[in-house]
Asks: 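One structure coming up, written as C-alpha cells, with questions to follow.
Keep in mind that the numbers below use all heavy atoms, side chains included, and drop hydrogens, waters and symmetry copies. Keep in mind it's a predicted model, so treat the numbers as computed, not measured.
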Amino acid sequence: MNTPWGYPDFDAHEALHFVTDERSGLRAIIAMHSTHLGPAAGGTRLWHYANDADALTDALRLSRGMSYKNAMAGLPLGGGKAVVLANQTRTKTPEMLAAFGRAVNSLGGKYVTAEDVGMSVADMIDISKQTKFVAGLPVGGGEVGGDPGPHTSLGVFLGIKAAVKRALGKDSLNGLHIALQGAGSVAGGVARQAAAEGARLSIADVDRARAESLAAETGGSVVTPDDILFIEADVVSPCALGAILTEQSIARLSTPIVAGGANNQLATAEDGERLQARGILYAPDYVINAGGIINVSTEYLGDGGPDLVRSRIEAIPGRLEQIWAESAATDRDPACVADAMAQKLIGRR
C-alpha cells in the first residue's frame, strides 16, 4: 500500500488533509508540516498537475518550506500549504472557492491560508466568506494586507543586492546582468527595482507575451524558458516554479550567484552541495522570499503596521549574511546551514 509516509519529501508532517467536494469539483490537499511556533500558515496554490502524486509532493515540499520560512523570518507561525488540483485550463468557480473555504474553516485555525500561484486577492475574498482563517485581503491605504507579491519582490531584491555585495564586492546592481526566470508578480517587482538601479535584464516566461511586456517596461530582453538559466549572467534569479536546480542544470550554469523568489529551487539536498562545489553563491529560497509571508503574518496577527513589515523585510539580507558566514566557516553549503538553523527553531534538532 502506498502512503504519504513513504514519500521522499514526507518530513514528519503533522497532518495531511485530502479535500473532496463533488458538487463543486474541488480536489485539494492541505499539508501542515509544523505548528511548533504557531498555526500552520502558507498560501494556497492552484495548479494543473500531471498526476496526484506530483500534487502531494508539491504540498509536502511547500509546507515544509513554509515551516522553515516562517521560523527564519522570526514569525510566530508554523508551516502549512494547500494545493488545489486544477484541470488543464485551471478553472476556478465560486463554488470551488467556497468549498475550499469551508475546508479551511473545519480545521479551526490550525491552518491559515493566503494567495499563491493561481490564486488572487479576489479569490481570498471569496474564501473569507467561509472562514476567518485567511489573509492577503484588500486593505485601505496605509494598512497592512493585500497582495503579498510586492513584499516578496522587495525581499528578493534586497537579497540579490546582499548576494552581489558578498560575491562580487559591489554595492549596486548598476551595469550587472540579471537573468530572471519568470515574469509574474514577484519577478516583475524584482525586475522593476533592479532596472531602476541600472541592471541589465534577460527575462523568460512560459507566457511569452508577459515576458515581452515586462522586458519592454524595463528595457530588458526576452530569452526562451529553455535558455534562461544557462545564459552568462551576474545573477540568475529563479522566480517561477521549483525543482529547477538539478545535477544537470547546475552543471550548465554560467553565473556566480543564484538568488530568486521561487520556492523549493533545489531538486534535492545534494544540489546545494553541487552549487557550493562550483563556487556559486546560493541564497536559500525560503529566506530570501519571506517578504510575502511577513506581510501576511502582520496582517493576520495585527501586531504592527507597514513600518514593521518594512523593517522585517529589511532584515532578510542580514539573515542571508549570517547563513553565508557560517557556510564559509564550516564548509557546509548555505542550504544545509539554513535547514539546520530552521530545524532547530521548530524543535526538530
Side-chain angles (χ1 to χ4, degrees), residues 43-48 86-92 114-125 136 138 141 145-161 163-164 172-245 249 254-255 257-263 265 283 285 288-289 291-292 295 313:
T44 296
R45 172 170 295 185
L46 183 141
W47 195 251
H48 173 63
N87 59 21
Q88 288 187 327
T89 60
R90 300 176 198 169
T91 302
K92 284 182 290 188
E115 332 37 355
D116 199 291
V117 174
M119 289 290 203
S120 67
V121 172
D123 296 330
M124 294 305 111
I125 294 174
D147 181 7
H151 304 279
T152 304
S153 296
L154 175 60
V156 173
F157 172 70
L158 295 176
I160 288 173
K161 285 177 63 69
V164 163
S172 170
L173 303 186
N174 186 40
L176 299 184
H177 182 195
I178 299 177
L180 273 168
Q181 184 188 45
S185 173
V186 173
V190 173
R192 294 178 188 98
Q193 292 171 91
E197 200 164 286
R200 178 167 62 93
L201 303 176
S202 294
I203 302 168
D205 195 277
V206 292
D207 183 342
R208 186 174 178 87
R210 187 164 65 172
E212 289 174 345
S213 176
L214 183 60
E217 180 184 350
T218 59
S221 59
V222 176
V223 178
T224 68
D226 289 342
D227 294 333
I228 188 66
L229 291 179
F230 311 119
I231 62 177
E232 188 172 343
D234 297 294
V235 180
V236 166
S237 186
C239 291
L241 296 179
I244 45 83
L245 295 173
S249 66
S254 297
T255 181
I257 298 167
V258 173
N263 289 310
Q265 294 169 31
D285 47 51
I288 194 173
N289 70 11
N295 182 66
I313 293 173

Asks: Would you check if the side chain of Ser153 reaches a backbone N or O of Gly149 as a donor-acceptor pair within less than 3.5 Å?
Replies: yes
Asks: What's the shortest heavy-atom distance between Gly182 and Ile203, and which atoms?
Replies: O-CG2, 3.9 Å
Asks: Check for a donor-acceptor pair, side chain of Asp234 on one end and backbone N or O of Ile178 on the other, with a separation under 3.5 Å.
Replies: no
Asks: Quick one: side-chain hydrogen bond (donor to acceptor under 3.5 Å, both in side chains) partners of Asp285, sequence neighbours excluded?
Replies: Tyr282
Asks: With Arg210, which residues qualify under side-chain hydrogen bond (donor to acceptor under 3.5 Å, both in side chains), at least two apart?
Replies: Asp205
Asks: For the atom pair CG (Leu173) and CG (Leu176), what is the distance rounded to the nearest 0.5 Å?
Replies: 6.0 Å
Asks: Return the set of residues passing side-chain hydrogen bond (donor to acceptor under 3.5 Å, both in side chains) with Thr91 (not counting sequence neighbours), or none when no residue passes.
Replies: Asn87, Thr89
Asks: When rounded to the nearest 0.5 angstrom, what is the spacing between CG in Leu46 and CD in Glu115?
Replies: 13.0 Å
Asks: Just jot down the side-chain hydrogen bond (donor to acceptor under 3.5 Å, both in side chains) partners of Asp123, sequence neighbours excluded, or say none.
Replies: Lys92, Ser120
Asks: Against Val258, only a single residue in Leu229, Val235, Ile244, Leu245 fulfils side-chain contact (heavy atoms from CB on, under 4.5 Å); can you say which?
Replies: Leu245
Asks: So, for Ala240 and Ala262, which heavy atoms are closest and what is the spacing to 0.1 Å?
Replies: O-CB, 3.1 Å
Asks: Tell me if a side-chain donor or acceptor on His151 pairs with a main-chain N or O of Ile313 at a distance below 3.5 Å.
Replies: no
Asks: Kindly give the heavy-atom pair with the smallest separation between Leu201 and Ala191, and that separation in Å.
Replies: CD1-O, 3.5 Å
Asks: Could you report the tightest heavy-atom contact between Met124 and Ala114, atom names first, then the distance?
Replies: SD-C, 3.4 Å
Asks: Which pair of non-hydrogen atoms, one from Ser237 and one from Ala259, has the smallest distance, and what is that distance?
Replies: OG-O, 2.8 Å
Asks: Test: salt bridge (Lys or Arg N to Asp or Glu O under 4.0 Å). Region: residues 151-161. Which pairs qualify, not counting sequence neighbours?
Replies: Lys161-Glu197
Asks: When Thr152 is tested against each of Asn295, Asp147, Ile288, Asn289 for side-chain contact (heavy atoms from CB on, under 4.5 Å), which residue passes?
Replies: Asn289
Asks: Would you give the length of the straight line joining atom NE2 of His48 to atom CD of Gln88, rounded to the nearest 0.5 angstrom?
Replies: 4.0 Å
Asks: Quick one: which residue pairs count as a side chain to side chain donor-acceptor pair (under 3.5 Å) with a foot in residues 185-196, not counting sequence neighbours?
Replies: Arg192-Glu217
Asks: Return the CH2 to CG distance between Trp47 and Asp116, rounded to the nearest 0.5 Å.
Replies: 10.5 Å
Asks: Under the criterion side-chain contact (heavy atoms from CB on, under 4.5 Å), I'd like the reasoning laid out for Val190 against Leu180: C-alpha separation, chi angles, the key distance, then a yes or no.
Replies: CA-CA 9 Å; Val190 173; Leu180 273 168; 4.1 Å; yes
Asks: Please find the pair of heavy atoms, one from Gly261 and one from Val156, that lie closest to each other, and give the distance.
Replies: CA-CG2, 3.7 Å
